[in-house]
Amino acid sequence: MIRLTVPSLDEEDFQAVRAVLESGYLVQGPRAAEFESKIAQIAGTQHAIAVNNCTCALHLALLALDVRPGDICVVTGYSWISTANAIELCGAQPVFVDIDPQTYNISPQRLDETLARLMGNAVTANRVKAILPVHVFGQMADMDAIATLGQHWNIPVIEDAACALGATWNSKPAGSIGVMGCFSFHPRKSVTTGEGGAITTNNPDIAQKLRALRNHGLDPESPTPDFVMPGYNYRMTEFQAALGCSQLKKLERITLARKKAASRYDALLKGTAIQSPQVMEMADHVYQSYVCTLPWEFSGSRTAIIRQAHEQGIELQIGTIDMGSTSYFRSRYGISPAELPVTDRVAKNSLTLPLYEGLEESDQQRIIEFLMHATMANT
Ligand SMILES: *Cc1c(COP(=O)(O)O)cnc(C)c1O
């Protein structure tokens, strides 16, 4: 089976985990702090706070901004469901914004219109607490335009950078432009700790609050234990952090291998009816996923194509989720697909191809040959 992804794990990673297990110090030790300083360095921020996954990172980022029931957060329509769930679980309402037809990231034009509508209405204006762009599949959203809109309306931006560790926009790293950036180390991301996440920020007060929120509300500065707010236990374990430190040493090598494999796919898809990912000039795309787009007439047969691929030993997957059209969000807010036409279309015809460090060129050829046959057979 050509897997969708395979984590890049080696003996050094195994040793790093083993050393922690042998030490007997499994939580709240030096490895998490080391992992945090490495993440902060890569993101180019003053602080990083390690947590147990990116969904928790998003949750804490929203709580750090005091997002409460009745508030509104403006978010891209096309992302993994966590992005919208984190907002909803704070009791706030996600307002979905359509995506750019080239990058599948939040459209700055549509964001501008949505913010103008919400901020121009006295009922909604003071409820809008955050803007959440997502750097989908490892290519950053247009953070210059988004940051400008955030500043114009004085609304903080939280980057969902789950897929974008090491990516840049206009030379600025993912996680360094918004007031906070949230990262994931799930095995589908380029470096992994099993489950894992982190929040980056340059704001010391927010960093302090995040540290308390992730650790039962414990004041990180107080010499005797004192609890300054009700908090969660969202801590990362030491053996995960040790794995993370070991993985981060290989981030550049892994990212380079993914970029090379992505450019081989680009070359194989050239001249076909399948659209390869489009990379903006300002973006350094780190390819958490290689997501191509089938011609629209194949959107109805995408499920069959994924099944046929599986039968032939190739794991394919849809792109990501049109969050507003899922049962929960659709029925809760009465969202119609016509409101986000680009998201609706892309969610139906995008296709993720296998991508990982050791993926062979011959496997990539086989995958594209399969797709050429499948799109002919399913016409
Ligand atoms: C993977 C992902 C998440 C969730 O990360 P977890 O660590 O699995 O909780 C959130 N947002 C996006 C865009 C993701 O790709």
Side-chain angles (χ1 to χ4, degrees), residues 4-5 7 32 35 39 43 48-63 73-90 94 96-97 99-100 103-106 130-141 143 146 157-167 169 174-175 178 180-200 210 214 232-237 240-241 243-244 247 258 277 283 285-291 317-324 326 329 343 346-347 350 352 355-356:
L4 195 62
T5 193
F35 183 63
I39 294 295
I49 292 88
V51 290
N52 50 2
N53 59 61
C54 184
T55 307
C56 292
L58 290 163
H59 186 205
L60 293 193
L62 293 164
L63 293 176
C73 297
V74 180
V75 61
T76 184
Y78 189 54
S79 179
W80 178 238
I81 198 73
S82 303
T83 321
N85 280 348
I87 297 166
E88 189 72 16
L89 290 169
C90 289
F96 298 104
V97 176
I99 55 173
D100 175 86
T103 62
Y104 307 163
N105 276 316
I106 190 167
I131 302 167
L132 279 90
V134 175
H135 306 320
V136 80
F137 310 134
Q139 174 169 217
M140 284 180 71
M143 286 305 296
I146 295 162
V157 176
I158 298 172
E159 296 173 57
D160 182 339
C163 303
L165 186 68
W169 177 267
M180 283 171 272
C182 298
F183 292 91
S184 173
F185 307 101
H186 180 273
R188 275 215 52 197
K189 322 300 182 188
S190 56
V191 291
T192 186
T193 60
E195 302 286 359
I199 309 155
T200 53
L210 290 169
R214 108 175 133 182
Y232 296 83
N233 179 353
Y234 279 177
R235 297 186 306 248
M236 177 180 269
T237 65
Q240 287 173 304
L243 176 57
Q247 286 270 287
R258 299 176 81 95
H285 190 333
V286 293
Y287 291 100
Q288 175 267 335
S289 285
Y290 188 93
V291 178
Q317 186 55 272
I318 64 166
T320 192
I321 307 294
D322 175 355
M323 297 185 292
T326 59
F329 287 105
T343 305
V346 170
S350 57
T352 308
L355 187 70
Y356 49 90

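Every number for a ligand or one of its atoms is a count from 1 in the order of the listing. The analysis underlying the following values was restricted to heavy atoms, covering all of them including side chains, and did not include hydrogens, waters or symmetry mates.
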Is there side-chain contact between [X] and [Y], with at least one heavy-atom pair below 4.5 Å?
X	Y	result
M323	V134	no
I99	T76	yes
M143	P133	yes
T192	Q247	yes

Students should be able to answer this: which protein heavy-atom is nearest to [atom], and at what distance?
atom	answer
atom 5 (O) of ligand 1	C54 CB, 3.2 Å
atom 4 (C) of ligand 1	S82 OG, 3.5 Å
atom 3 (C) of ligand 1	W80 CD1, 3.7 Å
atom 12 (C) of ligand 1	A162 CB, 3.4 Å

Below a 4.0 angstrom heavy-atom separation, can you tell me which part of [X], side chain or backbone, both or neither, approaches ligand 1?
X	value
D160	side chain
Q288	neither
V134	side chain

Run the numbers for me: atoms of ligand 1, each under 4.0 Å from some heavy atom of [X], listed by number.
X	value
S79	13 (C)
G196	7 (O)
C163	15 (O)
N53	7 (O), 9 (O)
T83	11 (N)

Do any N or O atoms from the side chain of [X] and from the backbone of [Y] form a donor-acceptor pair under 3.5 angstrom?
X	Y	result
R214	V51	no
E195	N53	no
E159	G175	yes

>> Restricting to non-hydrogen atoms, name the atom on A61 and the atom on M180 that form the minimum distance, rounded to 0.1 Å.
In response: O-CE, 3.3 Å
> Is it true that C182 lies under 4.0 Å from ligand 1, counting heavy atoms only?
Replying inline: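 Contact check C182 vs ligand 1: negative.
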>> For G197, state whether at least one heavy atom is located under 4.0 Å from any atom of ligand 1.
In response: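 Not so, G197 does not reach ligand 1.
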> Has ligand 1 got any nitrogen or oxygen that is less than 3.5 angstrom from a nitrogen or oxygen of T55?
Replying inline: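 Min N/O separation from ligand 1 is below 3.5 Å for T55.
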> Side chains of Y78 and S350: do they bring a donor and an acceptor to under 3.5 Å?
Replying inline: yes
> Nearest to atom 14 (C) of ligand 1 by heavy atom, E195, H59, K189: which?
Replying inline: K189
> Do the rings of F96 and F329 sit parallel, tilted or perpendicular, given the 30° and 60° boundaries?
Replying inline: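 Rings of F96 and F329: perpendicular, as their planes differ by over 60°.
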